[in-house]
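Worksheet: the structure to be examined is printed underneath.
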Amino acid sequence: MNRRGVWGVALALLAVMPNAWGQRPPETHPVSATQNIMMSWDRSAMPGEIELWAPRTVLGYSTDPSFNYGGLHLTCQSSSNSTNGRCPEVGTEGEAGAGDITLTFVEQRSGMRTELRLKGHLNRAMPGRRCSGDSWSSAEIPLWSASVWECASEWPIGTGAGLHLPDTEMQRLVAGRWQASLSLDAHDEIGGTPLARYGFDFDLTITDRNAVSIYFPAFEHVSPLVRLNADYDPIGQTVGGRTVLDMCLYDGLGSQAQYLGVTVRDRGGHPPGPSGYSLWHTDGGTDDTRRLDYTVSLAHSGATVRMPNGVEQQLHGIDTAQLRLVMLPGMRQPVFCVPTPITFDIPRVPISTQQAGTYFGELQVELRVPTTTP
């Protein structure tokens, strides 16, 4: 009796398990929908791929063969323009494997445009499990493929899709706020009227705080060595002059920081003169005849910003300032920085008060970016 009881339980389990494993997809009809993908991250901690449709997301499934959901496929609005996604405008046949959709992402502050490739595929859903042991064909075909095929005397009666933005593509986006809109139309026959439209609106805010930089275009890989070009006026018997060094500030926030804090410090090794900055004669002397004073200022948004020695000056209006596209050392993609030329002024002094020879000084420029993200 006990033995027959054990066998009865075992047979009951075998009868139940296949129904739970490999259930048919639910009755599903294509319905237009839009997804909003809003994400934020820093490039030091990438989120991985963005999954828009998990594999075998059901687009359409019905036991009524007149719906022809076994031939469902998706097309783009253009096969040449990537504004809303570039892929075939009309369904195809005979292709295998996943396919790429090229989509343009636009950075809102700078207007920079970058094309990324999304990957997608279809799987056909079957009426039974004779083809592959469950209700799905394991063969992947491009999203725009209208191909159907018989498998173990079964024809597909539904379609599922998978779609994602690979992390390797996301890494191509630099700091900023990136937006894009993808639009896909569902068809049940090649060239037929769309049954539904699927939209995906992207709004991605990316920071790159580890890449905050002070960039000197004329000195890409070395510390700047600047000739101040003091000139001699034989009529007034004076020496002085002005030199401008090209400088650009990258905030790692897509040039959307609330402000940038800039500090300039004299590192000449001796206490500077009244102007806050000094050059010193290379003979090592420290008296007034061996000191040549100068001032420092920045040009920002059409204004001159005086830079006292060691005092931070906050530059505002970064989100509306003029931008420059540059390739920063160590980066693979160009970024936009804020041009902020730095000017060195040597007020004219009588030549008789200075020792003849070479004068040398050293500066340190520091950039501080607020911790809050726009």
Would you indicate whether the side-chain heavy atoms of L323 and R109 approach each other to under 4.5 Å?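 Yes; the side chains approach each other to less than 4.5 Å.
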Do N309 and P272 touch side chain to side chain, with heavy atoms closer than 4.5 Å?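 N309 vs P272: side chains touch.
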When you compare the side chains of [X] and [Y], does any donor N or O come within less than 3.5 Å of an acceptor on the partner?
{"X": "E89", "Y": "S79", "answer": "yes"}
{"X": "N84", "Y": "S183", "answer": "no"}
{"X": "D64", "Y": "S66", "answer": "yes"}
{"X": "S278", "Y": "D293", "answer": "yes"}
{"X": "Y259", "Y": "R368", "answer": "yes"}
{"X": "S82", "Y": "T104", "answer": "yes"}
{"X": "Q364", "Y": "E362", "answer": "no"}

According to side chain to side chain contact (heavy atoms under 4.5 Å, CB included), who are the partners of [X], at least two apart in sequence or on a separate chain?
{"X": "Q35", "result": "I37, W53, F200"}
{"X": "E51", "result": "A54, P55"}
{"X": "A299", "result": "P341"}
{"X": "P234", "result": "Y232"}

By the ring-ring contact (aromatic ring centres under 6.0 Å, His included) test, which pairs, at least two apart or in different chains, include something from residues 26-50?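 Counting only pairs at least two positions apart or across chains, the ring-ring contact (aromatic ring centres under 6.0 Å, His included) contacts touching residues 26-50 are H29-F67, H29-Y69.
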Can you pull out every ring-ring contact (aromatic ring centres under 6.0 Å, His included) where at least one residue sits in residues 101-139? Sequence neighbours excluded, please.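 Matches after skipping sequence neighbours: F105-F202.
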Does anything in [range] pair up under disulfide bond (SG atoms under 2.5 Å apart), and if so which pairs, sequence neighbours excluded?
{"range": "residues 187-283", "result": "C248-C337"}
{"range": "residues 259-312", "result": "none"}
{"range": "residues 23-100", "result": "C76-C87"}

Centroid separation under 6.0 Å, is that true for the rings of H270 and W280?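 Close enough - the centres of the two rings lie under 6.0 Å apart.
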Output all residues satisfying side chain to side chain donor-acceptor pair (under 3.5 Å) with [X], sequence neighbours left out; order by chain, then residue number.
{"X": "H281", "value": "D283"}
{"X": "Y294", "value": "none"}
{"X": "D100", "value": "K119"}

